[in-house]
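Worksheet for the structure shown next.
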Number of protein chains: 2
Amino acid sequence: MKIEQATIKDIARELNVSSSTVSRALKDYPGISDETKRKVKELAKKLNYRPNAIALSLRKSRSFTIGVIIPEVVHFFFSTVISGIEEVAYSRGYNVILTQTNEKLDREQSSIDTMLSNQIDGFLVSYSKETKDFNHFSRLLDQGYPIVFFDRVPEIPNAINVMVDDYQGAFDAVSHLITQGYSRIVHLAGPKNLKISQERERGYRDALKNYGIAIDEDLIVECPIGTSDEGQKITKSLLDNLKQTPDAFFGNNDMAAVGAMLACKAAGLRVPEDVGIVGFSNWQFCSMIEPSLSSVAQPGFNMGAKATEMLLDIIEKKVNPEEVKEALTLETELLVRKSSVRLKG
Amino acid sequence: MKIEQATIKDIARELNVSSSTVSRALKDYPGISDETKRKVKELAKKLNYRPNAIALSLRKSRSFTIGVIIPEVVHFFFSTVISGIEEVAYSRGYNVILTQTNEKLDREQSSIDTMLSNQIDGFLVSYSKETKDFNHFSRLLDQGYPIVFFDRVPEIPNAINVMVDDYQGAFDAVSHLITQGYSRIVHLAGPKNLKISQERERGYRDALKNYGIAIDEDLIVECPIGTSDEGQKITKSLLDNLKQTPDAFFGNNDMAAVGAMLACKAAGLRVPEDVGIVGFSNWQFCSMIEPSLSSVAQPGFNMGAKATEMLLDIIEKKVNPEEVKEALTLETELLVRKSSVRLKG
DNA sequence: TTGTAGGCGTTATCAT
DNA sequence: ATGATAACGCCTACAA
């Protein structure tokens, strides 16, 4: 049924030469007569010859494929990262094998297994929310597999991490709210086990401290799921139950922030007059809603691109893993829109 | 540096048996003593043996990998499809190699090439906006490569297509607008070469006809890019230049529809009182904006899942390609929200 | 019950 | 300038 691909052998047979000659001719090795070269290339073209990458992989123990392990594909930020990964990988001649864990540890583990089976040259990983222990990664590192972690990065020896400056982003966002005159600022926090959540919370706390505002632990609420529904429910319950109503919300992600906005509006509060809101990630919809949502932009594409470059440099031994700086932190940018501005310019 | 993976040979050597024995023991072939089996498996486990999928691929001329060619990863609908693809592929033991074309024909071509080189077992394709001729796909089909097209499907012989009922979705959306009392309905159309655009436009036209409304060609405007900016600009220019202002917009995608909404608001028109708006795709933000945007939901995850199932069934010869029905059309669902409702229930 | 040999497609090494 | 051979890791007739 499937038409067989022509191989080097086919060309060799037809031309009455050896496969080595064909192989050499095809790659312009020295010591092949121009005549032979010409004939080989001509026939190769005619037969639509295509090198078998699988055979090459076996021969070289290199697959020119990198494995990407990511929590979710349907996620604006991650899809942006994937896009950056794909661009760089493509331009440098690598394939990308993609798996999503759906935030499950066992999928993470089994994805690693199949990727190892497939002799991938390296890993790009953002681990799942369920992952609290990193032995499976440490083991890989010890065995010498190149891994670059991005966004959700572990604190283990020798890991190479690419992340955004979550601390600074959060610090900027909260400082901005404060200078706009908001002071009872809720933090809709992320899952506690993710370093990014911890960093954002730290930025929140430090910004408050920096302005001499006492921290009220009741205003820090974990949003483990990260949907707008969740953000909405949590915000509603806060508005209903806190003795003193808050006047601002800093969401650890945009979905939570939108949820807060919807809940506030439903409660009759005006944004930004009564309540200021800032999100994190700068999803596309931020500029489409009303009021438009201020948000901390993360350079997703760039993160994917940089992580991939570092990984490929290591794979190709352009750099020594020991020489690679172990962490690259990309800048965030606070995009101020209407949801958080109540002072005249 | 990288620690070598244990191979069957390693196990054989250590146990003083032949590699065939090991191979058979590992797969519980009949005719291996329980004792040998036990020892082999034990050592395999100890050495952390993992079959080399590359060697297997070479041997079997099967890679258990499928190639996905998609216009853009950072696109809500496509990312949903990818998610569906990945789920099914994973559950059936296949890898997914992903490339995005960025709507470029040459990337589409070269992606096909590398995938062929990599001996992938089949293709899942949604072609680029630049693709106007399908010879590169026809050739693959002729050579017997399994391909399933999704969403953007070509009209070529033997192609297997999975799509949504764009015609019906558009028909429903426009009928809904009409029954809400809107009659000068703009269609922000998609690129003309995409069948999905044609179908949506056909649905638009038929709905109008069906209600006896004359079609005004000036109200059908192509939005080749598909961003909210583009939609906004086009809408503004329509509002400025049409002699008779339109009272509704049916966007061939949600971005265009949001653009229309923003432009209408900016022009002082109230949505839905003065202008009704319906989009297509049901992006996440539809329910987050105000007024919430009515939209035609496409079953992206399901589309990816179904397309993958069909592809794998063909690959695994569970079905004969000839027996496969050549087109699967999935139902859309019109989600009516606030942007298009001005009559009391 | 186990072993031997050959081959999947390619290329590096060592002849000739 | 070209050929023969072996090897990458695995599987499978065929042999013993």
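We name chains A, B, ... by the order of the sequence lines, and we start the count at 1 in each one. Since this is a predicted model, take the numbers as computed values, not measurements.
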*Give the C-alpha distance, both sets of side-chain angles, the deciding distance and a yes or no for side-chain hydrogen bond (donor to acceptor under 3.5 Å, both in side chains) between B/Thr80 and B/Ser83.*
CA-CA 5 Å; B/Thr80 313; B/Ser83 182; over 6 Å; no
*Check every nucleotide of DNA chain D for an atom under 4.0 Å from a heavy-atom of chain A, then give the first and the last such nucleotide from 5' to 3'.*
D/dA1 to D/dG9
*asked:* For a quick check under 3.5 Å, do B/Tyr90 and A/Ser111 share a side-chain donor-acceptor pair by atom type?
replied: no
*Summarise how protein sits on nucleotides 7-16 of chain C as a single string, 5' to 3': B when a protein heavy atom is under 4.0 Å from the base, S for sugar-phosphate-only contact, - for no contact.*
BBBBBBB---
*asked:* Checking A/Phe64 now: which residues fulfil ring pair (Phe, Tyr, Trp, His ring centres under 6.0 Å) with it, not counting sequence neighbours?
replied: A/Tyr94
*Report yes or no: do B/Gln119 and B/Ser57 form a side-chain donor-acceptor pair below 3.5 Å?*
no
*For the residue pair B/Phe137 and B/Phe149, does the interplanar ring angle fall in the parallel (under 30°), tilted (30 to 60°) or perpendicular (over 60°) class?*
perpendicular
Side-chain polar contacts of residues 300-309 of chain A - donor-acceptor pairs under 3.5 angstrom, sequence neighbours left out - could you list them?
{"unit_1": "A/Thr308", "atom_1": "OG1", "unit_2": "A/Gly304", "atom_2": "O", "d": "2.6"}

*Option passing side chain to side chain contact (heavy atoms under 4.5 Å, CB included) with A/Leu311 (candidates A/Leu124, A/Asp121, A/Ile85)*: A/Leu124
_Of all pairs that satisfy salt bridge (charged side-chain N to carboxylate O under 4.0 Å, His left out), the ones with a partner from residues 43-57 of chain A, not counting sequence neighbours_ = A/Arg50-B/Asp113
*Using whole Å, report how far CG of B/Leu15 lies from P of C/dT2.*
11 Å
*asked:* What's A/Asn16 touching, base or sugar-phosphate or nothing? Going by heavy atoms closer than 4.0 Å.
replied: sugar-phosphate
*Which distance, rounded to the nearest 0.5 Å, do you find between the CG of A/Asn193 and the CD of A/Glu130?*
10.0 Å
*At under 4.0 Å between heavy atoms, what does B/Ser57 touch on the DNA or RNA strands: base, sugar-phosphate, or nothing?*
nothing
*Report yes or no: do B/Thr114 and B/Ser117 form a side-chain donor-acceptor pair below 3.5 Å?*
no
*So how far off straight is the helix from C/dT1-D/dA16 to C/dT16-D/dA1, going by the axes through five pairs at either end, to 10°?*
50°
